[in-house]
Every structure is written in structure tokens, then in C-alpha cells.
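Numbers for residues simply follow the sequence, beginning at 1.
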Amino acid sequence: MDSTSATHDVTNQPPPLAPYDASEDKALLEGLRREGAGWAEEDLRRLGRLAGSAEAQEWAELANRHEPVLRTHDRYGHRVDEVEFHPSWHHLMRVAVTEGQAGAPWADDRPGAHVARTAGGLAWGHTDAGHGCPTSMTYAAVPALRHQPELAKVYEPLLTAREYDPVLRVPTEKRGLLAGMGMTEKQGGSDVRTNSTTATPTAEPGVYTLRGHKWFTSAPMCDVFLVLAQAPEGLSCFLVPRILPDGSRNTFRIQRLKDKLGNRSNASSEPEFDGTVAWLVGPEGRGVKTIIDMVNCTRLDCVMMSATLMRKTLVEAGHHARHRSAFGARLADQPLMRNVLADLALESEAATTLTLRLAGAADRAVRGDEGEQAFRRIATAVGKYWVTKRGPAFTAEALECLGGNGYVEDSGMPRHYREAPLLSIWEGSGNVNALDVLRALVKEPGTADALFAELALAQGADARLDAAVTRLRGLLASASETGARRLVEQMALTLQASLLVRHAPAPVADAFCATRLDGDWGHAFGTLPDTADLGAILGRALPGED
């Protein structure tokens, strides 16, 4: 069309964000070094540049636009139960597995290997959250599988390999494996002890057949699954391969894929077991205790992905504000918008810092540090409750920074907004995690000692933090199930504040303590007090901000 006949020129719209560096985050890089994985910084920066590339961002968009499709039968009528994915999904998966986002850290003896993986997730997660599900479960399956050493000897080298091999065939003939899990059933959800799937022993020791129906089994295209079922001695954990050693297909009938609010690039399914061959993992009747090692890992990944969504949407909001003008000035220069962005930046840094501290605890616990094991036990549940709870409100506010542009699918923000609630639901909803904290306090009293030992490292540095620790001790003394959410929220805020007081610049720590601990704050983002140093906070959080 001739430009003279155009109805308007496009002005006052931001340019595309990509390419950008998803690892360009001071809280992320400082935490990586502090938690013992500074050796991975070069790889992290390379991965961050790839995550923010136009190509990788397009992979994410296409993988969500072209959702997985279930094929129950082939053209001849044979049952196949396969899920087809867009090529972009496979591009994302290949990078994730190659870069160590699946089981690789368990085969890496370097201190900080698990921290490096988490930091990589905080950067690579700027692409798509859906493919983080199979990589997370593969990572988490390894410690659970170690409860059965003879099975771990066979499968662990393949689960920790950096090879993405999506074709279904005999697991031991593949270059690398992915693992899923099947715990929940329709009648019980998180109350897995009510599971009705049965496990019947065969004549071969350790081999059973399963019969039942699972309600949520994500990533059904994985090679092996950890499944809970009722054996003669009670609820037990089993390894279920899709393809049996003789090359035949195990009975794994996918009834349907879930039509979910978000996480749409990833397939979540309802599989039916009927004579399905399975191998016992851990002792009979100890299924929950066996699989809890897996849950602890995936809960950390829920915290990680929530922190990633916060950072991603903050970067998007900051980019828009720097390039959009209204009422005679750039949005980024207007005091109230600066307050909103700075408040979001505080929340994002607190989430990232806590995530990396939890990863550090996990890494050191794996290496035998009992104090870190106790801290990890309680702090991961605390972080899972709080950080994932903050995600939906955060992404909604970041979306609003773009105004109507943010409400349009083309912006990508609606996808992030739909994704955010999942992290609070997956691996136990808010109530489940809050009650798990209470359970730990009662059954493992050393966990409370570990938490307060961590808080003591910042003692005397900020009077508001000291007062919060004192209040927390009082809440613990009168802890009840009814007040569990209130207690865990205070644990999380006090822990985040202590980490920022120790590790973040003074303007960040001061504003966080004044608002989250001392009550100088409203009930929405953008209500920081006039005393907050918005320039310092924004300059740290958003590179290029004046």
C-alpha cells in the first residue's frame, strides 16, 4: 500500500525485546557464585543469551500454539498411546537436556552442580515452562530410584545422560531417558494414601502387575515412570517402563490429555494400567517415604519456575516502560510506574535469592551436610508455599504495566499469567505445603533449629528483621493447623529478608524490610514508601535503567 494512503503510522510502541540475555540478572549471578557454582557462570551466560534469542523465544511461542496431540491408535487400529509434539517442543527439550536441566547433576561430582542446574533453569525458563515438567521429574527421579540399587545401576546412567532421545523403544537401548511420575488419583488427589491402584506380585521377585487409573500423569511420552500403588503390604513405589525389555509395549493406555488453564505445551494425561508390568522401588508399604525424595526436588523446581516467571515478566514490563510514553513522559520516568516496577523488582530478587539458597542447601545436603539437610527440609516447603503463591499476583501486575498490550496474546504475557497458578498447585497446593511445614516442626524438631540458625546469621544487622525473628518464635510457640498459612508466610518473609540483609545492596534490603516486615506497605504492588530508593532498586534489577 502507498504510504500516503495509510491511515496511521506506528509510533510509541516498544521494539521486540528479543534478543536479550536472560542471565543478565545481578541477583542470579551473585547467588550462583555465593552458593558454590561460580565455575558455571560462562555456561549460564551462554544459556541466557540463547534463552533470550529470537529463535528460542519463537520455539516457546510455537510449542504453546501447537499443543500436543494424543494418538491412541495407529492407522491400522493398533493401540500405540503416543503423544505428538510440534518440532519446537523438541528443540526446547534438546537444549534443556543437553544443558543439564534433567538428571545430569547427579552424575557431576563438582560442588555446586545442583546450584548450576537451578541457575540454568532460572535463565532457560525465560522460554517455556511446559517442557520444564519432564526435565524436572527426570531430575527428581534419580534419588528415589536409588532406594532400589539394582534398578538404579541400570537406569541412572541413562537418566543422567545429556542426550535427548524422544523415540519410544527399549530403555536400555537408548542414549538417554526421561522419567515421569504417577501418584494422584481422582478420589484422593494429594491424599495419595487413598490410592486404589493395585499391585500384584508375580512369580519373579520384585516384579508386579498394576491395575488402576491415574488422574494426573504429566509428560506421558517419558520412558519410565515412578508410580504409587497398593501392594499386599501397603502403598508402594514402582518403576513402570513404557517399553518392556523384550521390546513390547507395556500397558499404558492414555485415556485423554488434560485441557489445562496453562502449561499447554506440556501433555498431562490420565493413564490406565491393566496388567501393567512394574518393578518395586524401595520396600513394600514405604511408597510415600520412597517417593518423597522425588517430591522434595520437584518442589524446589516449583520455586525456581515461579521465580523465573517473575523475572521474565519484570523484564518484559521494564522493557515496555522504557520505550512507551504517556502524558508527556516515558512510563519508566513516571514516579508511580517506577514505584510499581521497583516493588516488583524487590519481590523478584527475594524469590531468586531464596531459590538459589534452597539449591545450595540441596547441593550440600546431597554431599552429607546434616545441617543443610534439616534446613532444606523445612525451607523448601516454606519457599514452595510462599514464592509460588506470589507468582499469580506478580504476573498480573507485570502484565498490567503493559496496559491493553499486555492483555493481548501476541505480547506473551497472557501465557505467563496462565502459567503462574500451576506452580502453587503442582506438588501439593498451598494447604498441603503449609501443613507439611507443621509436620516437619513436630516430627523433625531439628528443622526449626536449622531455620533459626540461618536467621541468626543476620542477627543485629537490621532491627526490623530482629523483631520479625522474635515474632516468628512467638508464632511457633502457638502454632496450629488453622494458623498454618500465617505461620509459613512469616517464615518465608523473615527468611527472604535475612538473605537480602546479608547479600543484597542496602536500598534493596531496607525497602524489603520496611515493607514486608515492618508494614510500611499497601495491599498491592506499587505502594513502596517515599523513603525507598527507587533508582537504586531499578538500576540493579533492570540493566539500562537510569
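Side-chain N or O atoms of Glu284 include one that pairs as donor or acceptor with a backbone N or O of Glu233 at under 3.5 Å. A distance-only check finds a donor-acceptor pair linking the side chain of Thr353 to the backbone of Glu349 [under 3.5 Å]. Asn433 places a side-chain N or O within donor-acceptor distance of the main-chain N or O of Ser429, the cut-off being under 3.5 Å. With hydrogens and angles disregarded, no donor-acceptor distance shorter than 3.5 Å links the side chain of Asn250 to the backbone of Phe252. Using a distance-only test at 3.5 Å, with no hydrogens or angles considered, a donor-acceptor pair links the side chain of Thr290 to the main chain of Arg286. A donor-acceptor distance shorter than 3.5 angstrom exists from the side chain of Ser236 to the backbone of Gly234, with no hydrogens or angles considered.
Ring-plane geometry between Trp215 and His213 is classed as tilted, the angle between the planes lying from 30 to 60 degrees on a 0 to 90 degree scale. Aromatic ring orientation, Phe85 versus His90: perpendicular (interplanar angle above 60°, classes split at 30° and 60°). Between His114 and Tyr139, the ring planes are tilted. Angles from 30° to 60° get that label.
Geometrically, Lys258 engages Phe216 in a cation-pi contact, judged by NZ or CZ lying under 6.0 Å from the ring centre and within 45° of the ring axis. A cation-pi geometry, defined here as NZ or CZ lying under 6.0 Å from the six-membered ring centre and within 45° of its normal, does not hold between Arg253 and Phe273.
Here Lys260 does not pair with Glu67 in a salt bridge; the nearest charged N to carboxylate O distance is not below 4.0 Å. Salt-bridge annotation for Asp363 and Arg376: absent, with no side-chain N of the basic residue lying under 4.0 Å from a carboxylate O of the acidic one. Under the 4.0 Å criterion applied to side-chain N and carboxylate O atoms, Lys214 and Glu185 are assigned as salt-bridge partners. In summary, Arg357 and Glu454 engage in a salt bridge, as defined by a charged side-chain N under 4.0 Å from a carboxylate O. Ion pair Asp274/Arg211 flagged as a salt bridge, since at least one NZ, NE, NH1 or NH2 atom sits closer than 4.0 Å to an Asp/Glu carboxylate oxygen. Salt bridge Glu347/Arg516: present, at least one basic N to carboxylate O contact under 4.0 Å. Between Asp436 and Arg377, at least one side-chain nitrogen of the basic residue sits less than 4.0 Å from a carboxylate oxygen of the acidic one, meeting the salt-bridge criterion. Under 4.0 Å is where a charged nitrogen must lie from a carboxylate oxygen, and between Arg367 and Asp369 no such pair does. Using a 4.0 Å cut-off between charged side-chain N and carboxylate O, Lys389 and Glu489 make no salt bridge. Salt bridge absent: Asp293 and Arg146 never bring a charged side-chain N and a carboxylate O closer than 4.0 Å.
Exactly one of Asn263, Asn266, Asn64 qualifies for a side chain to side chain donor-acceptor pair (under 3.5 Å) with Asp128. That residue is Asn64.
Summarising the geometry of Ala60 relative to Thr127, their closest heavy-atom pair is CB-O, 3.2 Å, with the distance given to 0.1 Å.
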Item checked: Pair Ser218-Ser268, side chain to side chain donor-acceptor pair (under 3.5 Å): steps then yes or no -> CA-CA 4 Å; Ser218 284; Ser268 298; 2.9 Å; yes

task = List the steps, then state whether side chain to side chain donor-acceptor pair (under 3.5 Å) holds for Thr298 with Glu427.
result = CA-CA 7 Å; Thr298 50; Glu427 301 305 351; 3.1 Å; yes

